[in-house]
Novice: 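Below are the structure tokens for one structure; questions will follow.
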Amino acid sequence: PIVTSTPDLNAVIRNAVGTIRGMWSHRWAGIAAAWVVGVVALVAVSFFPQRYEATARLYVNTDSILKPLMRDLTVQPNDDQRIAMLGRVVISRPNVETLVRKAGLDEQAGTQAQKEAIVDSVMKTLDFRPAGRGNLYTLAYRDRDPKRAQEVIELLAAMFIESNKGSKASDTDAAKRFIE
């Protein structure tokens, strides 16, 4: 036979009352500790630099953009691979160099090495990720200046849309030639 014991309700109540009395007798030490932790946290947070993030949502027909790039591949990539490939196309070094030049991010750079460092840092802070289902993607950029972050995202989205218009027109022309 298995014997189980249930805790005595009076013992549980006595234990809870003892804990509450102990907390009440040391309430000032608890309040002082909470204030010290709060002040230390406030000072620590004030030293973190402010970062702003600008985002743009894009609808991308991945088939029209990636199909020319994957034409000679025998195995078609899955969705995750397609997203990674599309991200590399959108945030390619030539695109980012053009973006840095148009946004004026390289104005303070004196040497070519400094310009390269700026391009590298912009490439690290740009983010291209899926935004749910379908062909929606989020393009994000983080910077200390909110206006600059917004300008960079607007420029990159405009560059992406312009490059897409050109590829759409060439796709349409190729389809017309094929039909004729």
Side-chain angles (χ1 to χ4, degrees), residues 22-24 26-70 77-168:
M23 288 171 42
W24 184 253
H26 298 294
R27 67 185 177 275
W28 296 114
I31 291 172
W35 271 98
V36 167
V37 168
V39 168
V40 168
L42 180 66
V43 169
V45 167
S46 68
F47 283 110
F48 286 116
Q50 292 182 344
R51 304 284 289 185
Y52 297 94
E53 179 174 285
T55 60
R57 266 199 188 168
L58 304 170
Y59 174 79
V60 181
N61 187 355
T62 56
D63 292 333
S64 69
I65 293 174
L66 295 176
K67 203 169 261 188
L69 297 174
M70 300 183 302
N78 65 19
D79 289 339
D80 292 335
Q81 291 169 333
R82 292 174 79 170
I83 292 168
M85 290 172 70
L86 184 60
R88 285 193 296 267
V89 168
V90 172
I91 307 175
S92 65
R93 188 158 191 92
N95 285 348
V96 173
E97 287 173 351
T98 304
L99 175 71
V100 166
R101 198 171 38 259
K102 283 184 177 180
L105 299 176
D106 62 346
E107 290 174 349
Q108 297 167 349
T111 65
Q112 187 63 28
Q114 290 174 336
K115 290 180 182 181
E116 294 295 323
I118 291 171
V119 170
D120 289 339
S121 71
V122 169
M123 286 183 75
K124 288 177 186 173
T125 55
L126 280 172
D127 188 24
F128 184 80
R129 61 185 178 271
R133 296 184 190 162
N135 293 334
L136 281 177
Y137 297 91
T138 299
L139 190 59
Y141 177 71
R142 290 172 300 284
D143 199 307
R144 291 183 180 170
D145 182 11
K147 289 182 180 181
R148 185 171 46 209
Q150 181 180 0
E151 180 183 0
V152 166
I153 284 298
E154 287 174 355
L155 281 170
L156 190 58
M159 287 171 52
F160 180 74
I161 290 168
E162 287 301 315
S163 69
N164 237 3
K165 283 181 184 176
S167 67
K168 293 277 188 202

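Predicted, not measured: the structure shown is a model, and the values here were computed from it.
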Novice: List the atom of L105, the atom of I118, and the distance in Å for their closest heavy-atom pair.
Specialist: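 Closest approach of L105 to I118: O-CD1, 3.6 Å.
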Novice: D120: which residues meet the side-chain hydrogen bond (donor to acceptor under 3.5 Å, both in side chains) condition with it, sequence neighbours left out?
Specialist: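 Here the qualifying residues are R93.
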Novice: Could you list the residues that satisfy side chain to side chain contact (heavy atoms under 4.5 Å, CB included) with E107, not counting sequence neighbours?
Specialist: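 Partners of E107 under the side chain to side chain contact (heavy atoms under 4.5 Å, CB included) test: none.
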Novice: Of all residues at least two apart in sequence or in a different chain, which pass the side-chain hydrogen bond (donor to acceptor under 3.5 Å, both in side chains) check with N95?
Specialist: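 Here the qualifying residues are S92.
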Novice: Sequence neighbours excluded, which residues qualify as side chain to side chain contact (heavy atoms under 4.5 Å, CB included) partners of R57?
Specialist: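 Side chain to side chain contact (heavy atoms under 4.5 Å, CB included) check on R57 returns A131, T138.
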Novice: Could you report the tightest heavy-atom contact between L155 and K102, atom names first, then the distance?
Specialist: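 Result for this residue pair: CD1-C, 4.0 Å.
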Novice: What is the minimum heavy-atom distance between A140 and I153, and which atoms define it?
Specialist: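 Shortest heavy-atom separation between A140 and I153 comes out as C-CD1, 3.7 Å.
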Novice: Report, one line per pair, each donor and acceptor closer than 3.5 Å where one atom sits in a side chain of residues 44-54; sequence neighbours left out.
Specialist:
| from | atom 1 | to | atom 2 | distance (Å) |
| --- | --- | --- | --- | --- |
| S46 | OG | V43 | O | 2.7 |
| Q50 | OE1 | Y52 | OH | 2.9 |
| E53 | OE1 | R142 | NH1 | 3.4 |

Novice: Return the CD to CG distance between E154 and L99, rounded to the nearest 0.5 Å.
Specialist: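 The CD atom of E154 sits 11.5 Å away from the CG atom of L99.
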Novice: Give the minimum heavy-atom separation between L139 and A157, together with the two atoms involved.
Specialist: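 For L139 versus A157, the nearest heavy atoms are CD2-N, 4.4 Å.
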Novice: Could you tell me the separation between the CD atom of E97 and the CE atom of M123, rounded to the nearest 0.5 Å?
Specialist: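 Between E97 CD and M123 CE, I get 8.5 Å after rounding to 0.5 Å.
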Novice: Might you confirm whether atom CZ of R27 has over 12 heavy atoms from other residues, nucleotides or ligands at distances under 6.0 Å?
Specialist: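 Above 12, so yes.
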Novice: Please enumerate all residues that pass side chain to side chain contact (heavy atoms under 4.5 Å, CB included) together with L42, with sequence neighbours excluded.
Specialist: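 Expected list: none.
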Novice: By side-chain hydrogen bond (donor to acceptor under 3.5 Å, both in side chains), which residues pair with E151, not counting sequence neighbours?
Specialist: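 Testing E151 for side-chain hydrogen bond (donor to acceptor under 3.5 Å, both in side chains), a comparison that skips the adjacent residues, returns none.
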Novice: If you define the side chain from C-beta out and look only at heavy atoms, does anything of V152 sit under 4.5 Å from T125?
Specialist: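 The answer is no, as the side chains (C-beta and beyond) never meet within the 4.5 Å cut-off.
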Novice: List the residues meeting side-chain hydrogen bond (donor to acceptor under 3.5 Å, both in side chains) with Q114, not counting sequence neighbours, and say none if there are none.
Specialist: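 Q114 satisfies side-chain hydrogen bond (donor to acceptor under 3.5 Å, both in side chains) with no other residue.
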Novice: Please list, chain by chain and in numerical order, all residues satisfying salt bridge (charged side-chain N to carboxylate O under 4.0 Å, His left out) with R148, sequence neighbours excluded.
Specialist: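 In terms of salt bridge (charged side-chain N to carboxylate O under 4.0 Å, His left out), with neighbours along the sequence ignored, R148 is linked to D143.
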